[in-house]
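Read the structure below first, then the notes.
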Amino acid sequence: MTEGELEQEDIDEYFQNENHEMTEYPDVIDEKQLKQLDARIRPYLFCERWFPFAEYAGSLYLMLDYAPAEKGTAGQVICYVHDPDFIYYIASNLTEALQLTQKAP
């Protein structure tokens with residue numbers, strides 16, 4: 001493990017400790033960003049029902065979302081990006097996410 005890298009249990013605790021909506025962090029997420037949030041994702045910055053399974057460069061985390069918005073699907077893949085902080089929709093499930101990697105140039 002390199003300096004500054006988090007262990008999996010630290011990552012889990014960071015994201016899954018409590019539910020926190022994006023509106024609780026107006027200095028991080030503004031109204032314009034909130035309007036850009038995919039309708040399949042609840043407007044959380046942290047959620048107890050997000051399960052991180054991959055990390056890249058200490059600032060990008062892929063997670064399974066088991067608390068989707070009404071238009072979403074339980075188990076969908078989302079991505080937390082740090083600086084600027086935001087949550088992106090990736091795929092409806094892990095299989096679809098892996099298939100996307102095969103289509104990449």
Side-chain angles (χ1 to χ4, degrees):
M1 185 169 77
T2 63
E3 184 178 328
E5 193 174 334
L6 295 174
E7 292 283 343
Q8 184 63 42
E9 65 185 42
D10 295 328
I11 293 169
D12 292 346
E13 185 171 318
Y14 181 73
F15 287 104
Q16 297 175 288
N17 191 29
E18 297 177 339
N19 292 332
H20 288 283
E21 293 194 17
M22 291 179 171
T23 55
E24 295 176 52
Y25 301 91
D27 55 328
V28 176
I29 305 289
D30 61 27
E31 286 295 321
K32 182 179 177 183
Q33 288 174 294
L34 274 173
K35 290 178 182 176
Q36 295 172 349
L37 183 66
D38 191 288
R40 295 168 281 200
I41 303 171
R42 288 183 190 249
Y44 292 146
L45 199 51
F46 306 102
C47 180
E48 295 171 324
R49 305 226 351 115
W50 288 351
F51 298 91
F53 66 90
E55 175 264 334
Y56 179 75
S59 62
L60 187 148
Y61 299 89
L62 290 176
M63 298 183 278
L64 296 175
D65 177 5
Y66 286 99
E70 189 174 312
K71 293 184 179 184
T73 304
Q76 65 191 14
V77 179
I78 59 174
C79 181
Y80 170 87
V81 176
H82 174 63
D83 204 12
D85 295 74
F86 202 68
I87 308 296
Y88 296 92
Y89 177 84
I90 303 299
S92 63
N93 56 53
L94 190 53
T95 300
E96 184 180 307
L98 291 172
Q99 289 171 341
L100 290 172
T101 64
Q102 294 175 340
K103 296 177 184 176

Handout entry: Check: R49 side chain, A67 main-chain N or O, donor-acceptor pair, under 3.5 Å
Key =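 Answer holds: no.
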Exercise for the section: Measure from the side-chain N and O atoms of D65 to the backbone N and O of I78, and report whether any donor-acceptor pair falls under 3.5 Å. Expected result: no
Measuring from [X]:[atom1] to [Y]:[atom2], what's the distance to the nearest 0.5 Å?
{"X": "Y89", "Y": "C79", "atom1": "OH", "atom2": "SG", "answer": "13.5 Å"}
{"X": "Y80", "Y": "W50", "atom1": "OH", "atom2": "CH2", "answer": "9.0 Å"}
{"X": "I90", "Y": "I41", "atom1": "CD1", "atom2": "CD1", "answer": "8.0 Å"}
{"X": "H82", "Y": "L60", "atom1": "NE2", "atom2": "CG", "answer": "11.5 Å"}

Closest heavy-atom pair and its distance - [X], [Y]:
{"X": "D85", "Y": "L45", "result": "CB-CD1, 4.3 Å"}
{"X": "G72", "Y": "Q76", "result": "CA-OE1, 3.4 Å"}
{"X": "P43", "Y": "L34", "result": "CB-CD2, 4.4 Å"}
{"X": "M63", "Y": "P52", "result": "CG-CA, 3.5 Å"}
{"X": "A91", "Y": "A97", "result": "CB-N, 3.5 Å"}

Practice task
Just grab all the salt bridge (charged side-chain N to carboxylate O under 4.0 Å, His left out) pairs involving residues 34-45, residues at least two apart or on different chains.
Solution key: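 For residues 34-45: D38-R40.
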Practice task
Please list, chain by chain and in numerical order, all residues satisfying ring-ring contact (aromatic ring centres under 6.0 Å, His included) with F86, sequence neighbours excluded.
Solution key: Y88
Problem - CD (Q36) with more than 12 external heavy atoms under 6.0 Å - result: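 More than 12 within 6.0 Å, yes.
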Handout entry: Pairwise side-chain contact, F53 with V77, heavy-atom cut-off 4.5 Å (strictly under)
Key =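 SC-SC contact between F53 and V77 confirmed.
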Practice task
Indicate yes or no: at least one non-hydrogen side-chain atom of T95 is less than 4.5 angstrom from one of Q99.
Solution key: yes
Problem - E21: partners by side chain to side chain donor-acceptor pair (under 3.5 Å), with sequence neighbours left out - result: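 Per chain and number, E21 pairs via side chain to side chain donor-acceptor pair (under 3.5 Å) with no residue.
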Practice task
Sorted by first residue and then second, give each side-chain hydrogen bond (donor to acceptor under 3.5 Å, both in side chains) pair with at least one member in residues 22-31; sequence neighbours left out.
Solution key: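 Qualifying pairs, neighbours excluded: H20-E24.
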